[in-house]
Amino acid sequence: MVTTTLKETPLAAAHRNLGARMVDFAGWNMPVQYKSIVQEHQACRTKVGLFDVSHMGEFLVTGAKAAEFVQFMVANDCNKLSKPDMALYTQFVRPNGGTVDDLIVYRRKSDWLLVVNASNIEKDWNWLKQHVGDFKDVKLEDISEQMGLLALQGPHAVELFAEIVGAHVKDMPSFTYGEGTADGIDVWFGRTGYTGEDGFEIFVKANKAEALWNLLLERGKKYNIEPCGLGARDTLRLEAGLPLYGHELDDETSPIEAGLGWSVKVDKGEFLGREAILAQKKNGLKKQCVCLRADGKALPRQGYEVYAGEEKIGQVTSGSQGIFVGYPIAFAFVPPGHAKVGTQLSIAIRDSKVPATVVSRPFYKRGR
């Protein structure tokens with residue numbers, strides 16, 4: 001009998017003390033929920049939620065050619081990061097157009113910080129090492145095991161974080177980076193997130209992660225902060241129209257097929273995967289990710305079939321109740337001819353074909 005030991009974040013004991021239900025997520029023992037997914041989802045939409053995302057990976061890129069290397073490795077245009085302390089969302093793309101991973105790139109004063117998905121840390125690391133040899137004087141460092149990462153998200157997230165780190169964080173635009181201290185704990189932070197809400201992703205040394213977690217929960221009581229698990233993180237990101245690697249993105253699916261064409265900059269010059277992306281733009285896509293709003297109360301789930309009349313045309317990649325918007329929602333891949341907003345389709349849910357309409361992305365967009 002083969003047994004596998006799950007990896008744990010520096011906050012595993014804190015999660016168990018809070019009564020979290022723990023599950024295997026990509027080889028990590030992670031909290032899926034504390035009280036209920038609905039309660040945690042609503043807390044993040046209306047108050048403030050705190051997530052442990054320490055299972056994600058962090059790489060540092062340094063050296064004289066670091067900027068050129070990062071620019072070559074990703075599909076978005078890092079020249080948009082015209083000065084330090086800026087960030088952007090992007091992808092590593094294979095020569096066939098498939099997606100190695102999606103990630104956030106931070107340009108810092110003396111290096112580049114790449115934040116990647118937990119399930120792809122080893123694959124991403126090997127991908128970078130495979131190509132770094134073409135760039136002299138570039139050094140890579142995997143600091144994933146040294147770091148904890150918390151996400152503070154919701155309408156009161158900025159107010160709470162400003163009380164702890166300093167009022168200056170209120171002036172940080174979206175997708176910028178800063179550093180500071182929280183009750184004596186050194187932190188890095190980006191005004192980014194994966195929930196559709198305002199807030200911060202906060203990097204902290206692993207041995208200080210539990211102290212920071214407890215500090216945020218204690219100081220957040222007056223805002224009715226809730227610790228939130230991966231269950232709410234998934235329903236929040238789906239409602240916000242954000243793709244998840246392994247669902248809407250994978251090694252056989254390009255970013256533009258996944259609806260992320262806005263983040264692929266073929267005019268920036270050479271980058272890995274550019275030729276395949278250009279070919280897709282020239283020849284057309286074979287599939288396209290769409291947002292579906294389903295009728296009734298039955299919930300679409302990953303793997304459910306999508307129909308145009310009696311013809312099976314695609315498959316749901318993510319589906320759930322839109323907890324805040326109040327109706328069933330899904331991502332699905334369909335042929336581009338069926339992807340126009342307003343197209344009437346159906347989803348096979350158990351023994352019925354439930355009507356569903358292609359709608360604009362995202363399902364939920366917070367007020368600015």
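Taking all atoms of both residues into account, the shortest heavy-atom contact from Met147 to Lys205 is CE-N, 4.1 Å. Summarising the geometry of Val48 relative to Leu152, their closest heavy-atom pair is CG2-CD1, 3.7 Å, with the distance given to 0.1 Å. Residues Thr9 and His55 share a closest heavy-atom pair of CG2-N, 3.9 Å. Across all non-hydrogen atoms, the minimal contact from Pro243 to Tyr194 is O-OH, 2.6 Å. The two residues Glu145 and Ala206 make their nearest non-hydrogen contact at O-CB, 4.2 Å. Across every non-hydrogen atom of Gly199 and Ala157, the tightest pair is CA-CB, 3.9 Å.
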- Message: side chain to side chain contact (heavy atoms under 4.5 Å, CB included), that's the test. Do Val132 and Val61 meet it? Break it down for me.
- Response: CA-CA 10 Å; Val132 74; Val61 185; over 6 Å; no
- Candidate pair Ile323 and Gln42, rule side chain to side chain contact (heavy atoms under 4.5 Å, CB included), full reasoning: CA-CA 8 Å; Ile323 293 171; Gln42 295 288 22; 3.8 Å; yes
- Run the salt bridge (charged side-chain N to carboxylate O under 4.0 Å, His left out) check on Glu310 and Lys353 step by step: do they pass? CA-CA 10 Å; Glu310 296 302 315; Lys353 288 183 180 175; 3.1 Å; yes
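Between Pro155 and Glu197 the shortest side-chain heavy-atom distance falls below 4.5 Å. Under the 4.5 Å side-chain criterion, counting only non-hydrogen atoms from C-beta, Ser144 is in contact with Phe59. Side-chain atoms of Lys340 and Val358, non-hydrogen and from C-beta on, never get closer than 4.5 Å to each other. At least one side-chain heavy atom of Arg108 sits under 4.5 Å from a side-chain heavy atom of Leu60. Counting heavy atoms from C-beta on, the side chains of Val53 and Arg233 come closer than 4.5 Å. Val187 places none of its side-chain heavy atoms less than 4.5 Å from the side chain of Lys208. Looking only at side-chain heavy atoms (C-beta outward), Val23 and Arg21 come within less than 4.5 Å of each other.
Under 4.0 Å is where a charged nitrogen must lie from a carboxylate oxygen, and between Arg94 and Asp251 at least one such pair does. Classification of Lys80 and Asp77 as a salt-bridged pair fails, no side-chain N sitting under 4.0 Å from a carboxylate O. Salt bridge Lys109/Glu179: absent, no basic N to carboxylate O contact under 4.0 Å.
Between Trp213 and His15, the ring planes are perpendicular. Angles over 60° get that label, and only those under 30° would be called parallel. In this pair, Phe200 and Phe161 present their aromatic rings tilted. The plane angle is within the 30 to 60° band. Note: Tyr327 and Phe363 have perpendicular aromatic rings, judged against thresholds of 30 and 60 degrees for the angle between ring planes. Relative ring orientation between Trp188 and Phe203 is described as tilted, the plane-to-plane angle lying within the 30° to 60° band.
When the shell of 6.0 Å around CG of Asn17 is examined, it contains more than 12 heavy atoms from other residues, nucleotides or ligands. By the neighbour-count criterion of 12 heavy atoms within 6.0 Å, atom NZ of Lys65 is sparsely surrounded, having that number or fewer from other residues, nucleotides or ligands. Enclosure of atom CZ in Arg301 by more than 12 non-hydrogen atoms of other residues, nucleotides or ligands within 6.0 angstrom is indicated. The 12-atom threshold is not exceeded at NZ of Lys35, counting heavy atoms of other residues, nucleotides or ligands nearer than 6.0 Å.
In this structure, CE on Met56 lies 9.0 Å from CG on Leu103, to the nearest 0.5 angstrom. Once rounded to the nearest 0.5 Å, the distance linking OH of Tyr106 with CG of Leu88 reads 10.5 Å. Between atom CG of residue Leu50 and atom CD1 of residue Ile202 there is a gap of 7.5 Å, rounded to the nearest 0.5 Å.
Between the side chains of Thr317 and Gln302, not a single donor N or O lies within less than 3.5 Å of an accepting N or O. Between the side chains of Glu141 and Thr62, not a single donor N or O lies within less than 3.5 Å of an accepting N or O. Asp52 and Ser54 share a side-chain donor-acceptor pair at under 3.5 Å. If you check the side chains of Thr99 and Gln91, you find no donor sitting under 3.5 Å from an acceptor.
Applying side chain to side chain contact (heavy atoms under 4.5 Å, CB included) to Val158 and the options Met172, Lys170, Gln153 leaves one that passes, Lys170. Among Asn76, Val115, Thr90, the one residue that satisfies the side chain to side chain contact (heavy atoms under 4.5 Å, CB included) test with Val105 is Thr90.
Between His247 and Phe331, the ring center distance fails the sub-6.0 Å criterion.
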